[in-house]
Amino acid sequence: MDPQRLDSYQGGAGPDFNEHVLHKTILVGDSGVGKTSLLVQFDQGKFIPGSFSATVGIGFTNKVVTVDGVRVKLQIWDTAGQERFRSVTHAYYRDAQALLLLYDITNKSSFDNIRAWLTEIHEYAQRDVVIMLLGNKADVNNERVIRSEDGETLAREYGVPFMETSAKTGMNVELAFLAIAKELKHRARQQADEPSFQIRDYVESQKKRPGCCSFL
Ligand SMILES: Nc1nc2c(ncn2[C@@H]2O[C@H](COP(=O)(O)OP(=O)(O)OP(=O)(O)O)[C@@H](O)[C@H]2O)c(=O)[nH]1
């Protein structure tokens with residue numbers, strides 16, 4: 001990762017932001033959209049190609065992200081996308097502070113199901129949960145069936161930030177988690193002299209930065 005481009009992550013200098021608090025963040029979306037791969041890319045900076053092995057149940061990874069000079073501890077839960085695990089994962093929504101909702105840009109039904117996922121989120125999660133929509137597998141542009149504009153339009157309709165990601169190349173992966181960490185930090189510790197933080201504006205401004213978001 002280029003430290004000039006974004007805030008740093010994984011440790012780094014600076015005081016802990018509420019050191020005992022783990023900010024629960026959950027990855028959700030249809031089976032096979034790349035939730036586990038996204039988390040592995042963020043945590044370990046690698047992509048394990050090959051056969052797809054569906055997540056069974058739920059598991060988590062703790063990760064420290066440094067934003068604005070303070071360390072924010074994220075506890076990132078990777079859920080199983082398969083329908084038969086749904087009732088298990090619902091139970092985890094309630095105390096989540098952030099949800100990353102993924103679809104696969106090469107899989108139309110995973111995009112069509114986003115509305116159903118959002119209905120579930122609104123039913124089971126806290127009202128003020130931070131939601132981010134991610135169109136994953138952006139590296140497979142030749143198999144794309146969902147245009148970037150369609151993701152943008154859907155995200156705008158629900159008032160949530162959106163970006164395309166690639167768990168394979170790492171495109172926008174850190175940005176997604178850093179934006180979440182920044183939002184959580186600002187919500188909990190907004191300084192009087194700080195301008196208010198708008199996650200959608202932040203994501204849009206980062207997407208427009210030179211060098212951002214290429215996946216080749
Ligand atoms: N080309 C490409 N392949 C990806 C990407 N992300 C995931 N994959 C592949 O897609 C398949 C499914 O990825 P997973 O990360 O296991 O998907 P998941 O959403 O965790 O699936 P469940 O555990 O069943 O919910 C695997 O074969 C991955 O290698 C990506 O960004 N680009």
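Whatever order the structure lists them in is the order used to number ligands and atoms, beginning at 1.
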message: Which of the numbered atoms in ligand 1 are under 4.0 angstrom from any heavy atom belonging to A54?
response: 23 (O), 24 (O)

- prompt: Near S166, which atoms of ligand 1 are under 4.0 Å from a heavy atom of that residue?
  reply: 31 (O)

query: Would you say G32 and ligand 1 have an N/O pair spaced under 3.5 Å apart?
result: yes

field: Worked verdict on E164 versus R144 for salt bridge (Lys or Arg N to Asp or Glu O under 4.0 Å)
entry: CA-CA 12 Å; E164 291 195 340; R144 174 190 288 276; 2.8 Å; yes

query: Of all the atoms in ligand 1, which lie at a distance below 4.0 Å from a heavy atom belonging to K35?
result: 15 (O), 17 (O), 18 (P), 19 (O), 20 (O), 21 (O), 22 (P), 25 (O)

field: Donor on one side chain, acceptor on other, N107 and S109, under 3.5 Å
entry: yes

- request: Output yes when R187 and E183 qualify as a salt bridge under the 4.0 Å nitrogen-oxygen rule, no when they do not.
  value: yes

- prompt: Does a side-chain N-to-carboxylate-O contact under 4.0 Å join D104 and K137?
  reply: yes

message: Quick check: D139 and ligand 1, any N/O pair under 3.5 Å apart?
response: yes

message: Applying a heavy-atom cut-off of 4.0 Å, say which part of S31 lies close to ligand 1: side chain, backbone, both or neither.
response: both

- prompt: Which residue from S110, A167, S37 reaches closest to atom 14 (P) of ligand 1 through any of its heavy atoms?
  reply: S37

task: Would you check the N or O atoms of N136, main chain and side chain alike, for any that come under 3.5 Å of an N or O of ligand 1?
output: yes

- prompt: Does the pair K63 and D43 meet the rule for a side-chain contact (heavy atoms from CB on, under 4.5 Å), with working shown?
  reply: CA-CA 7 Å; K63 190 87 177 158; D43 187 35; 3.6 Å; yes

- request: May I ask you to check whether G81 has an N/O atom sitting below 3.5 Å from an N/O atom of ligand 1?
  value: yes

- request: Using side chain to side chain contact (heavy atoms under 4.5 Å, CB included) as the criterion, list what pairs up with E157, not counting sequence neighbours.
  value: R115, L154

- line: With heavy atoms and a 4.0 Å threshold, my read on which part of V140 contacts ligand 1 is side chain

- prompt: How many angstroms lie between atom CZ of F162 and atom CG of D150, to the nearest 0.5 angstrom?
  reply: 9.0 Å

